[in-house]
Number of protein chains: 2
Amino acid sequence: MRPELTLDRLATPVGEMLVVTDAGGAVRALDFADYEPRMLRLLARHWGPVDLTPGRAPDRVRDAIAAYFAGDLTALDRVPVKTNGTTFQKDVWSALRSIPAGETVSYGALAARIGRPRAVRAVGLANGRNPVGVIVPCHRVIGANGTLTGYAGGVERKRALLAHEGVMV
Amino acid sequence: MRPELTLDRLATPVGEMLVVTDAGGAVRALDFADYEPRMLRLLARHWGPVDLTPGRAPDRVRDAIAAYFAGDLTALDRVPVKTNGTTFQKDVWSALRSIPAGETVSYGALAARIGRPRAVRAVGLANGRNPVGVIVPCHRVIGANGTLTGYAGGVERKRALLAHEGVMV
DNA sequence: AGGTCCATGTCCGAAAACCGCGAGACTTCG
DNA sequence: CGAAGTCTCGCGGTTTTCGGACATGGACCT
């Protein structure tokens with residue numbers, strides 16, 4: 001049988017979000033409802049064909065997300081995620097989680113941090129392919145000159161999330 | 001965990017053979033020992049990364065193979081196989097199993113039989129990618145003019161198998 | 001300041017190559 | 001004349017290859 005995943009939908013201040021969790025309670029994907037096709041594509045790419053059934057995510061996950069949007073900015077740090085990309089991508093995504101809320105990092109700095117100072121664009125790419133938005137905070141990476149450059153969920157949402165975390169833009 | 005497969009090795013009149021079976025007792029791959037790399041490649045292509053552990057194939061399978069080489073030409077008909085290719089490939093492979101021992105079919109005839117009279121070379125291709133040799137009798141397909149044309153395990157073996165089945169070549 | 005060039009990893013689409021063929025045209029010999 | 005061998009070309013699914021595009025940024029030049 002194929003991995004059995006649960007798809008939940010949550011209302012948030014930045015729009016409806018899709019949350020995919022596995023049997024172990026780890027988050028496999030998180031995205032905005034208006035990008036559902038892309039989320040499914042990423043899931044399929046990393047885990048192969050998958051059985052996705054609508055249902056309720058574990059309270060632990062739902063509560064953490066609610067708490068985050070209510071102002072407890074560290075609530076998401078304790079949510080377990082499970083991803084499955086190339087070595088490079090896993091390096092990037094893992095480095096992302098070490099950026100605390102309220103801070104930002106440039107693409108170049110992040111590249112340096114994983115030991116590939118020159119793989120700057122590649123970091124941007126890996127960033128864009130992050131299957132677990134918000135929890136793995138790809139929105140905290142911005143251009144070296146302070147511009148927001150891009151965001152898979154739309155730059156507007158990136159700005160909103162950063163503002164919510166108290167970053168000056 | 002990944003699908004757990006068993007790899008057995010059997011001595012036969014045409015050389016040592018490799019037999020891969022799954023937990024359900026179905027044959028996933030069967031090839032000659034001197035083509036091991038290709039067999040592994042096919043397995044990987046169809047099932048993804050796979051855990052292959054040396055071990056004994058089910059008696060049901062071992063006995064059927066032994067019986068076939070001992071002269072019971074229909075013994076292999078009852079062996080369950082499990083393959084995973086494109087639609088076209090599955091059509092071809094399934095049509096192959098309906099060719100009884102002692103008969104041969106031309107590539108063109110087989111193409112016609114699956115409803116694609118002109119996909120002649122494609123049938124040849126699909127034939128060559130058959131992961132389960134002998135049991136799925138791709139050796140019973142020969143050129144329209146009676147020549148053996150080719151065989152993944154070497155034309156010599158094709159000739160030997162057909163001779164064993166009582167075909168005049 | 002503003003423009004050009006390139007490094008870097010991954011994916012995607014298009015195009016080309018690959019063949020376990022076979023029919024038909026064309027030789028070549030008796 | 002014919003029979004048998006050779007050559008040429010088109011057939012069609014799959015795989016491989018190749019070229020771009022990209023959530024950047026530093027060096028180097030005008």
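Please read these numbers as outputs of a predicted model, since none were measured by experiment. Sequence lines set the chain letters: A, B, ... in the order given, protein chains first and strands last, and positions in each chain run from 1.
A donor-acceptor contact shorter than 3.5 Å is absent between the side chain of B:R28 and the backbone of B:V20.
At a threshold of 4.0 angstrom between heavy atoms, the contacts of A:V155 with the nucleic acid are absent. Looking at heavy-atom distances under 4.0 Å, A:A152 makes contact with a base. Here B:R118 lies in heavy-atom contact (under 4.0 Å) with sugar-phosphate atoms only.
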What pairs of nitrogen or oxygen atoms, one from the protein and one from nucleotides 22-29 of chain C, lie under 3.5 Å apart?
unit_1, atom_1, unit_2, atom_2, d
C:dG22, OP1, B:Y107, N, 3.1
C:dG22, OP1, B:G108, N, 2.6
C:dG22, OP2, B:A144, N, 2.7

Check the interface with nucleotides 15-21 of chain D: list each N/O to N/O pair with the protein under 3.5 Å, or write none.
unit_1, atom_1, unit_2, atom_2, d
D:dT15, OP1, B:R45, NE, 2.9

Distances under 3.5 Å between nitrogen or oxygen atoms of protein and nucleotides 2-5 of chain C:
none

- Given Watson-Crick or G-U pairs with both distances under 3.5 Å, what dot-bracket string fits DNA chain D, with | for other-strand pairs and [ ] for crossing? ||||||||||.|||||||||||.|||||||
Contacts table for residues 121-132 of chain A: side-chain donor-acceptor under 3.5 angstrom, sequence neighbours left out:
unit_1, atom_1, unit_2, atom_2, d
A:N130, OD1, A:V132, N, 3.0
A:N130, ND2, A:V132, O, 3.2
A:N130, ND2, A:V136, O, 3.0

Taking only distance into account, with no hydrogens and no angle test, what donor-acceptor pairs under 3.5 Å do side-chain atoms of residues 56-67 of chain A form with protein atoms, sequence neighbours excluded?
unit_1, atom_1, unit_2, atom_2, d
A:R56, NH2, A:D59, OD1, 3.3
A:R62, NH1, A:D8, OD2, 2.6

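In this structure, the CG atom of B:L148 is 17 Å from the C1' atom of C:dC19, given to the nearest Å.
Side chain B:R121 to base D:dG10: a donor-acceptor pair is found below 3.5 Å.
For the residue pair A:Y68 and A:T74, no side-chain donor N or O sits within less than 3.5 Å of a side-chain acceptor on the partner.
Within a 6.0 Å sphere centred on CZ of A:R118, other residues, nucleotides and ligands contribute 12 heavy atoms or fewer.
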